[in-house]
Peer 1: 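Let me begin by handing over the structure; questions about it come next.
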Amino acid sequence: MTPVVARTRAELRAALAVSGRVAFVPTMGALHDGHARLMRHARPLGDTLVVSIFVNPTQFGPGEDLDAYPRTLDADLRVCAREGVDVVFAPDVDEVYPGGLDDAVTLDPGPLGQVLEGAARPTHFRGVLTVVAKLFALVRPDVAVFGDKDFQQLALVRRMVRDLVLDVEVVGHPIVREADGLALSSRNAYLTSEQHDHALALSRALRVGVEQATVGADAVLKAAREVLDAADGVDVDYLVVTDPLLGAVDDTYEGEARILVAARVGTTRLLDNQPVVLRKGP
Ligand code: PAF
């Protein structure tokens, strides 16, 4: 089935005139198997499945890869057709930012937007939450599906929905990985094959760390750090264990947690994370 492609707000409104329950997957395009899995998960959650394809300028900082970010609309539309998407919203910047990119009214992500990714990219989550709020206002989804790979983004979207009392159910989907363990990301396209091999240290470090779950958070971090320190070509930005809401934990913490890593491989910044249940052994 070929999806309806809406390029303007008016076309989107027309496409959604009779839509029933709407499931929504927001994306920046360059769709890969991870996105396809989000769509597959979202498909049965609504009568109408909407995917947005919009490279959002305001979530890129100065010197980041906005201009180089892969734009592959024709291939993306084929993925959407395969996954049974009903409507693709692929607007120009003017449709989403009619007043220009320096909107006076934006969304403040609060303290959670300043740590981890936010420490390295101070304006990133303001841009993400502002565009997600705009997309929610335009698409009016009942349910929206986001990947766990951008775990801080997912946590902030959930917080935004709660704090602004938005009537959208937010669903997270586990990270989709290549057979060798690398978390799928549109930015993997920037990696040379040597860098791809180097990047495998991220998922390996998380796996090795998780094996120490019965010893405690410090042991998890130490084991993961050893893998990363021994790896070639990996420049670690952060490696942390947090609670599921990204709060700090100490070595006495027990229960559900996340181990998260961000690192630069060449000039490409990569993220990965894994759930871990910390329970001290007997
Ligand atoms: O995760 C992404 O692709 C983007 O951050 C999102 C949620 C589509 C907002 O631009």
Side-chain angles (χ1 to χ4, degrees), residues 6 12 22-39 41-42 49-61 64-73 75-76 79-80 83 85 87-97 101 103 106-107 109 112-113 116-118 120-139 141 143-161 164 166 168-176 183-190 246 260 262 268-273:
L12 179 67
V22 174
F24 179 42
V25 180
T27 81
M28 297 208 299
L31 300 179
H32 49 65
D33 202 40
H35 295 109
R37 297 275 285 276
L38 298 185
M39 294 174 204
H41 190 75
L49 175 57
V50 182
V51 168
S52 63
I53 296 178
F54 179 65
V55 181
N56 172 39
T58 65
Q59 68 190 75
F60 290 77
E64 290 186 11
D65 56 347
L66 173 61
D67 292 336
Y69 199 84
R71 286 158 172 90
T72 56
L73 187 60
D76 292 348
V79 175
C80 292
E83 297 304 329
V85 173
V87 179
V88 173
F89 181 45
D92 285 337
V93 170
D94 296 356
E95 289 291 324
V96 181
Y97 291 92
L101 284 178
D103 276 348
T106 58
L107 268 170
L112 186 54
L116 303 175
E117 283 309 284
R121 309 176 70 192
T123 56
H124 176 64
F125 288 118
R126 177 182 297 276
V128 169
L129 291 192
T130 300
V131 83
V132 171
K134 285 171 183 261
L135 291 169
F136 281 1
L138 291 166
V139 174
V143 54
V145 179
F146 292 80
D148 278 356
K149 193 180 78 61
D150 295 306
F151 195 72
Q152 190 174 4
Q153 165 175 286
L154 174 60
L156 277 161
V157 170
R158 287 191 199 283
R159 192 69 70 90
M160 172 181 82
V161 163
L164 300 185
L166 304 181
V168 182
E169 184 192 347
V170 175
V171 173
H173 187 279
I175 293 179
V176 181
L184 291 192
S185 162
S186 303
R187 291 195 166 98
N188 293 353
Y190 300 150
L246 289 173
L260 301 103
T268 308
R269 197 153 184 285
L270 297 176
L271 305 182
D272 203 345
N273 69 79

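Numbering of ligands and ligand atoms starts at 1, following listing order. Atom set for the values below is all heavy atoms of this structure, side chains included, hydrogens, waters and symmetry mates excluded. If you're wondering where the values come from, they're calculated on a predicted model, not measured in any experiment. Throughout, numbering of the chain's residues begins at 1 and tracks the sequence.
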Peer 1: Of the listed options (His35, Gln59, Met28), which comes nearest to atom 9 (C) of ligand 1 when hydrogens are ignored and any heavy atom counts?
Peer 2: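 Answer by nearest heavy atom: Gln59.
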
Peer 1: Indicate yes or no: does an N/O atom of Gln153 lie under 3.5 Å from an N/O atom of ligand 1?
Peer 2: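 Yes.
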
Peer 1: Kindly indicate whether the side chain of Thr72, heavy atoms from C-beta on, has any atom under 4.5 Å from the side chain of Leu31.
Peer 2: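 Counting from C-beta outward, Thr72 and Leu31 never come under 4.5 Å.
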
Peer 1: Using every non-hydrogen atom in the two residues, find where Glu83 and Leu49 come nearest and quote the distance to one decimal.
Peer 2: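 Distance-wise, the nearest heavy atoms are O-CD2, 4.3 Å.
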
Peer 1: Not counting sequence neighbours, list each pair that qualifies as a salt bridge (charged side-chain N to carboxylate O under 4.0 Å, His left out) and has a residue in residues 120-131.
Peer 2: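 Residue pairs with at least one partner in residues 120-131: Glu64-Arg121.
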
Peer 1: Taking only heavy atoms of Val131 into account, list the atoms of ligand 1 that are under 4.0 Å away from them.
Peer 2: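 Under 4.0 Å from Val131, ligand 1 has these atoms: 9 (C), 10 (O).
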
Peer 1: Which pair of non-hydrogen atoms, one from Asp148 and one from Pro174, has the smallest distance, and what is that distance?
Peer 2: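 In this case the closest contact between Asp148 and Pro174 is OD2-CA, 3.6 Å.
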
Peer 1: Give the atoms of ligand 1, by number and element, whose distance to some non-hydrogen atom of Thr27 is under 4.0 Å.
Peer 2: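 Near Thr27, meaning under 4.0 Å from one of its heavy atoms, ligand 1 has 8 (C).
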
Peer 1: Sequence neighbours excluded, which residues qualify as ring-ring contact (aromatic ring centres under 6.0 Å, His included) partners of Phe60?
Peer 2: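 Checked Phe60 against ring-ring contact (aromatic ring centres under 6.0 Å, His included); matches are Tyr69.
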
Peer 1: Under 4.0 Å, heavy-atom basis, I'd like to know which part of Leu135 is in contact with ligand 1: side chain, backbone, both or neither.
Peer 2: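 Neither part.
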
